[in-house]
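Working notes, structure below.
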Amino acid sequence: MAKAHVVIVGSGFGGLFAAKALAKEDVAITLIDKTSHHLFQPLLYQVATGILSPGHIAPSTREILRRQKNVRVLLGLVEDIDAKSKTVIWRNHSNRYHTDYDYLVVATGAGQSYFGNDQFAKFAPGMKTIDDALELRARIFVAFERAELEEDPVKRRRLLTFVVVGAGATGVEMAGQIRELASRTLKNEFRKVNPENARVVLVDGAPTPLPAFGEKLGGVTRKELEKLGVEIRMNQMVTDVDADSVTIKDKDGNTEVIESICKVWAAGVKGSPLGQKLAEATGVELDRAGRVKVNDRLQVPGFEDIYVVGDLMSREGVPGVAQGAIQSGRYVAKAIITKLSGGEPTPFEYWDKGSMATIAKFSAVASIGKVKFHGFPAWLSWCFLHLLYIAGFKARVGTLLHWLISFLSNGRSSRTTTNQQLVGRLALERFGSGASGKLLRGEDLNLDGKRS
């Protein structure tokens with residue numbers, strides 16, 4: 001019999017690396033996640049713009065852990081935690097389950113924050129999941145298709161205007177790729193419209209793009225994006241989003257309405273809903289973004305058997321990036337091993353390995369300690385690092401081949417879109433929580449979102 005049962009909630013970087021770090025230990029592991037895959041989130045924008053397919057950045061969690069005999073992978077959504085009885089409550093569609101634990105690792109990550117304006121999500125999807133990326137892919141490519149059919153030049157201009165909100169790494173990468181898609185990949189494919197005339201606008205309240213990279217690299221990024229043809233709107237905040245436009249306001253209070261059908265929201269994060277459930281169960285404090293404030297050993301204060309890692313964790317000096325999740329996941333695994341041996345873990349220390357972001361083909365910026373560089377060397381470094389962290393040999397080879405197609409020919413082999421990708425999220429939200437189980441059973445749902 002195993003020394004302990006470790007339940008891990010979430011199969012992102014934090015959860016996966018915690019599980020793998022316990023591979024040789026005498027523990028039983030149950031990994032529960034609402035998706036069947038491990039998502040390499042930094043490359044979601046490449047799925048959204050047709051460079052990669054979902055399988056390249058989201059390999060099956062079962063396949064990754066198939067040789068690790070002490071792990072059981074379960075597909076389900078964790079809805080609650082009973083900290084007193086040490087039980088996780090979760091469901092798979094309409095079926096509910098209870099799983100007991102000796103140690104609990106919560107690694108459910110973070111979602112998109114609209115800063116109190118959740119109604120914006122209807123018209124400006126975020127980019128945190130495969131579903132988000134596929135919806136955005138459909139919105140982007142369908143905008144060009146609709147523009148080809150549109151006779152009214154004003155409406156056509158609106159269809160060919162793309163607004164990206166948020167100038168962090170995701171927003172910069174997305175804006176650059178939409179611009180390259182329009183000016184290179186789609187060139188000569190349409191007869192009535194010229195995709196090169198598409199307008200891409202990047203909006204953020206910060207003074208420069210990539211504020212976390214510093215003023216110098218932010219300035220380089222701005223120049224490179226402007227060279228591509230991206231319109232940069234810094235020091236401006238989004239005040240409204242509807243089906244046909246985005247309203248922005250500058251520091252002086254001046255407002256501007258940008259007419260646009262396709263919008264991308266890449267600004268802000270908020271902790272997953274399980275953070276709030278954990279707060280209710282344990283009394284732990286949450287930060288403004290809904291992330292769990294852990295102690296220096298990444299535990300919920302007062303509950304030494306509950307750990308929080310990755311983007312759901314709020315710890316000063318630990319950014320919400322892949323390295324933060326990887327390092328915290330590995331640390332918690334070692335901490336559990338130490339405790340099972342009768343020892344006391346040392347506090348968690350984050351090692352900042354630097355940050356990188358692509359701007360366009362053959363162009364990127366990198367900040368590693370005091371070393372800051374950009375251009376082709378930074379782009380090569382970015383490619384190598386991201387290939388290194390993609391899980392699975394097949395996914396690495398597939399990603400490399402698709403990159404070669406895109407970088408050498410401007411072609412994009414993953415451009416398939418469907419109406420389900422375009423409207424599926426909105427339809428499910430209208431039906432309400434728990435609708436998927438009833439739909440699978442062939443039951444009717446009222447259009448007001450209430451169960452029939």
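All values reported here derive from a predicted model rather than from experimental measurement.
- Ion pair Lys128/Asp132 not flagged as a salt bridge, since none of the NZ, NE, NH1 or NH2 atoms sits closer than 4.0 Å to an Asp/Glu carboxylate oxygen.
- Between the CD atom in Gln112 and the CG atom in Asp118 there is a gap of 11.0 Å [rounded to 0.5 Å].
- Other residues, nucleotides and ligands contribute only 12 or fewer heavy atoms inside 6.0 Å of the CG atom of Asn419.
- A pairwise comparison of heavy atoms in Ala198 and Phe162 identifies CB-CE1, 4.1 Å as the closest pair.
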Item to check | Stepwise side-chain contact (heavy atoms from CB on, under 4.5 Å) check, Ile130 with Ile57 | outcome: CA-CA 9 Å; Ile130 285 292; Ile57 69 166; 4.1 Å; yes
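- Considering all non-hydrogen atoms of both residues, Lys192 and Glu151 come closest at NZ-OE2, 2.7 Å.
- Shown are Val238, Val241, Val164, Val203; of these, the side-chain contact (heavy atoms from CB on, under 4.5 Å) with Lys263 is made only by Val241.
- Applying the 6.0 Å contact sphere to CE of Met237 captures no more than 12 heavy atoms from other residues, nucleotides or ligands.
- Closest approach of Glu224 to Ser363, counting heavy atoms only: OE1-OG, 3.6 Å.
- By the neighbour-count criterion of 12 heavy atoms within 6.0 Å, atom NE2 of His37 is densely surrounded, having more than that number from other residues, nucleotides or ligands.
- Considering only heavy atoms from C-beta on, Leu385 stays 4.5 Å or farther from Lys353 through its side chain.
- The number of heavy-atom neighbours closer than 6.0 Å to NZ of Lys361, taken from other residues, nucleotides and ligands shown, is above 12.
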Item to check | Derivation of the side-chain contact (heavy atoms from CB on, under 4.5 Å) call for Asp33 and Val73 | outcome: CA-CA 8 Å; Asp33 192 47; Val73 178; over 6 Å; no
Item to check | Derivation of the side-chain contact (heavy atoms from CB on, under 4.5 Å) call for Val172 and Leu225 | outcome: CA-CA 8 Å; Val172 165; Leu225 286 172; 4.2 Å; yes
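- Between Tyr350 and Tyr331, the ring centre distance reaches or exceeds 6.0 Å.
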Item to check | Stepwise side-chain contact (heavy atoms from CB on, under 4.5 Å) test for Val47 and Arg137 | outcome: CA-CA 7 Å; Val47 174; Arg137 180 197 290 182; 3.5 Å; yes
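- For Arg146, the CZ atom is loosely surrounded, since the number of other residues' heavy atoms within 6.0 Å does not exceed 12.
- Contact check for Lys187 versus Glu196: side-chain heavy atoms found under the 4.5 Å cut-off.
- Here the side chains of Val308 and Leu278 are in contact, with some heavy-atom distance below 4.5 Å.
- Each of Leu44, Val200, Val165, Ile140 was scored for a side-chain contact (heavy atoms from CB on, under 4.5 Å) with Met174, with one residue passing: Ile140.
- Pairing each heavy atom of Gly166 with each of Ala267, the nearest pair is CA-CB, 3.8 Å.
- The 12-atom threshold is exceeded at CD of Glu280, counting heavy atoms of other residues, nucleotides or ligands nearer than 6.0 Å.
- A distance-only check finds no donor-acceptor pair linking the side chain of Asp252 to the backbone of Asn254 [under 3.5 Å].
- Formation of a donor-acceptor pair under 3.5 Å by the Arg66 side chain with backbone atoms of Glu63 is found in this model.
- Without hydrogens or angle criteria, Arg412 side chain to Thr49 main chain gives a donor-acceptor distance under 3.5 Å.
- The main-chain N or O of Thr239 is never found under 3.5 Å from a side-chain atom of Thr247 such that the two would form a donor-acceptor pair.
- Side-chain contact check for Leu286 versus Val292: some heavy-atom pair is nearer than 4.5 Å.
- Annotation: Glu79, atom CD; neighbour count of heavy atoms from other residues, nucleotides and ligands within 6.0 Å is above 12.
- For the pair Thr30 and Leu74, the minimum side-chain heavy-atom distance is below 4.5 Å.
- Lys372 and Ser367 are linked by a side-chain donor-acceptor pair at a separation below 3.5 angstrom, with hydrogens and angles left out of the test.
- With rounding to the nearest 0.5 Å, the separation of CZ in Arg179 from CZ in Arg184 is 10.0 Å.
- A pairwise comparison of heavy atoms in Pro125 and Arg425 identifies CG-NH2, 3.7 Å as the closest pair.
- Each of Trp379, Trp403, Tyr45, Phe40 was checked for a ring-ring contact (aromatic ring centres under 6.0 Å, His included) with His386, and the lone residue meeting it is Phe40.
- Listed for the Ser53 side chain is no donor-acceptor partner under 3.5 Å among the backbone atoms of Ser414.
- The CH2 atom of Trp90 sits 15.0 Å away from atom CG of Asp80, with the distance rounded to the nearest 0.5 Å.
- Listed for the Asn117 side chain is no donor-acceptor partner under 3.5 Å among the backbone atoms of Gln119.
- Ser11 contributes atom OG, which lies 8.0 Å from atom CD1 of Ile64 (distance to the nearest 0.5 angstrom).
- Here the CG atom belonging to Leu186 is positioned 11.5 Å from the CD1 atom belonging to Ile178, to the nearest 0.5 angstrom.
- Using modelled atom types, one side-chain atom of Trp265 and one backbone atom of Ser113 make a donor-acceptor pair closer than 3.5 Å.
- Gln276 contributes no side-chain N or O that, together with a main-chain N or O of Gly290, makes up a donor-acceptor pair within less than 3.5 Å.
- For the pair Phe348 and Gln327, the minimum side-chain heavy-atom distance is below 4.5 Å.
- Using a 4.5 Å heavy-atom cutoff, the side chains of Glu256 and Arg233 are in contact.
- One finds the CD1 atom of Ile89 at 10.5 Å from the CZ atom of Arg96 (value rounded to the nearest 0.5 Å).
- Residue Asn197 comes nearest to Arg157 through the heavy atom pair O-NH1, 3.0 Å, listed as atom of the first residue, atom of the second, then distance.
- Checked by atom type and distance alone, the side chain of Glu180 never pairs as donor or acceptor with a backbone atom of Thr185 at under 3.5 Å.
- Atom CD of Glu189 sits in a crowded spot, with more than 12 heavy atoms from other residues, nucleotides or ligands closer than 6.0 Å.
- Without hydrogens or angle criteria, Gln46 side chain to Leu43 main chain gives no donor-acceptor distance under 3.5 Å.
- A donor atom on one side chain and an acceptor atom on the other are not found under 3.5 Å apart for His402 and Thr399.
- Between Asp311 and Arg291, the closest side-chain pair of non-hydrogen atoms is not below 4.5 Å.
- Classification of Arg156 and Glu150 as a salt-bridged pair fails, no side-chain N sitting under 4.0 Å from a carboxylate O.
- Relative orientation of the His38 and Phe13 rings is perpendicular, given thresholds of 30° and 60° on the angle between their planes.
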